[in-house]
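Since the structure comes first, as structure tokens, the remarks are kept for the end.
All heavy atoms count here, side chains included; hydrogens, waters and symmetry mates do not. Source: prediction; values computed, not measured.
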Amino acid sequence: MEDSKAKNLTLDELYHKMLKRAAEGKNVEDIDNADPKMIECLAHPEETSLVWRVKPCSCSEDKQADCVKVCQWDAMHPSADGVQIDPDKCVGCQACVDACKLESLKTKKDIIPVVEELKKGDTPIYALVAPAFSGQFGPEVTAGKLRTALKLLGFSGMLEVAVFADILTLKEALEFDKNVNKEGDFQLTSCCCPMWIAMIRRLYHQLMPNVPGSVSPMIAGGRTVKVLHPEAKTVFIGPCMAKKAEIKEPDLKGAIDYVLTYEELRDLFSTTNLDLASLEEDNVPHASKAGICYAYAGGVAAAVDATVKKLNPHRKIEMKIRRADSVPECRAMIDNILKGNHEGNFFEGMGCKGGCVGGPKALVNREEGKKNVQAYSDEAQYKTPAENPYVIELLKKLGFATVEEFLANSDLYDRKFD
């Protein structure tokens, strides 16, 4: 999308101008002094890559070699025309964008077509908000105020993805109880992190039999909405760029229509002059403490452990948790497993340091993000999904009369790994 001869608006300037026009219901492409390629990428991002090169790379091939080293996914390679990124290998970790001293690389933005959909108002659109949202938009912005704000923007409703984390916690706990029954058995999680799953699939495929075939909470939420409201559009909102790649996985397509980051949503709030702190509360608390805590490193394992103990308090084989956060730590943990150094039977991996609260598009630092999520989780009425009546009610709406029936026939939440 780059044009070395263009002396026009920068991508950021163009983005904010087009976003404002979208919010006003105007033609977003009717803008002068802008690179047509940039306009096309912002107006129609669905087929673009996760990372955009917005100006030429002038680094020598020697310097390019240093740039290439920051990618853990072998998605970058030097060339006579500058560093090139293979979109099929890129998972959206953003390491290349952060490392580019020329600021030639930018992450893709999907919000403009979402705002255009909201302005049309001809179909229900549901926002599915990742568990890390607590405190991201200001200390006074509660879940209830965020829900009000999203409805004012035109969303039909807001669902906390933590509810679907609850359901998948239940699924993983039941599978652990079923499959880990002797020394040497182990299970790899977490389904919520696309970078962790991509790492195992691409680099450690021999361990795939130890990965429960569960979709992520995001995909579970999107599929659930599509079952209950077949005509609806679904928009996931979180701190993660990798989620933009996840929705394009062949076996996951169709569950989520758009992925936005907290940054993109913040930009929309700013453009529309919404004062979130002053809004009324619209509270619909449904998630347990366990589901909410998926937002930070260790939360998934703790949730599954607590649920296993609730479901089967007399298990002979206790859960022994090992976890890692950040790509290098995850790789080191898996390398240890392959060397036979298990020292555990339940391994949680998250691609970002600190977990989702440390995602590249989080609006507060990971320590503050974790503290905010913990404070919100402490308000939850239920500790685990096993005691959460809303989870059982939702499963019944989906056609499962009992939890056991859900485990035996939960195709809706299963992945078909290649």
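Separating the SG atom in C59 from the CG atom in D66 is a distance of 9.0 Å, to the nearest 0.5 Å. Rounding to the nearest 0.5 Å places CH2 of W73 at 6.5 Å from CG of L203. To the nearest 0.5 Å, atom CD1 of residue I39 and atom NE2 of residue H44 are 10.0 Å apart. Put simply, OH on Y126 and CZ on F155 are 12.0 Å apart, with the number rounded to the nearest 0.5 Å. The CG atom of L260 lies 7.0 Å from the CG atom of L265; values are rounded to the nearest 0.5 Å.
The shortest non-hydrogen separation linking C193 to G349 is CB-O, 4.0 Å. Contact detail for A198 and V91: the closest heavy-atom pair is CB-CG1, 4.1 Å. Taking all atoms of both residues into account, the shortest heavy-atom contact from R223 to D411 is NH1-O, 4.0 Å.
Side-chain contact of T142 with E281: a donor-acceptor pair under 3.5 Å is present, judged by distance alone. Side-chain contact annotation: E264 with Y258, donor-acceptor N/O pair under 3.5 Å absent. T189 and E172 share a donor-acceptor pair across their side chains, judged by distance under 3.5 Å alone. With hydrogens and angles left out, the side-chain atoms of K55 and T10 include no donor and acceptor closer than 3.5 Å. Looking only at atom types and distance, the side chain of S377 has no donor-acceptor partner in the side chain of Q374 under 3.5 Å away. Side-chain polar atoms of D166 and S288 form a donor-acceptor pair below 3.5 angstrom.
More than 12 heavy atoms of other residues, nucleotides or ligands sit less than 6.0 Å from atom NZ of K248.
Checking side-chain atoms of K119 against main-chain N and O of A23 turns up a donor-acceptor pair under 3.5 Å.
Counting heavy atoms from C-beta on, the side chains of T261 and K244 come closer than 4.5 Å. Counting heavy atoms from C-beta on, the side chains of V129 and L150 come closer than 4.5 Å.
Ion pairing of K416 with D414 is absent here, as no side-chain N (NZ or NE/NH1/NH2) approaches a carboxylate O to less than 4.0 Å.
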| task | Determine, stepwise, if the pair Y390 / Y382 fulfils ring-ring contact (aromatic ring centres under 6.0 Å, His included). | result | CA-CA 10 Å; Y390 180 72; Y382 304 101; over 10 Å; no
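The only option from R323, K353, R322 that meets the salt bridge (Lys or Arg N to Asp or Glu O under 4.0 Å) definition with E329 turns out to be K353.
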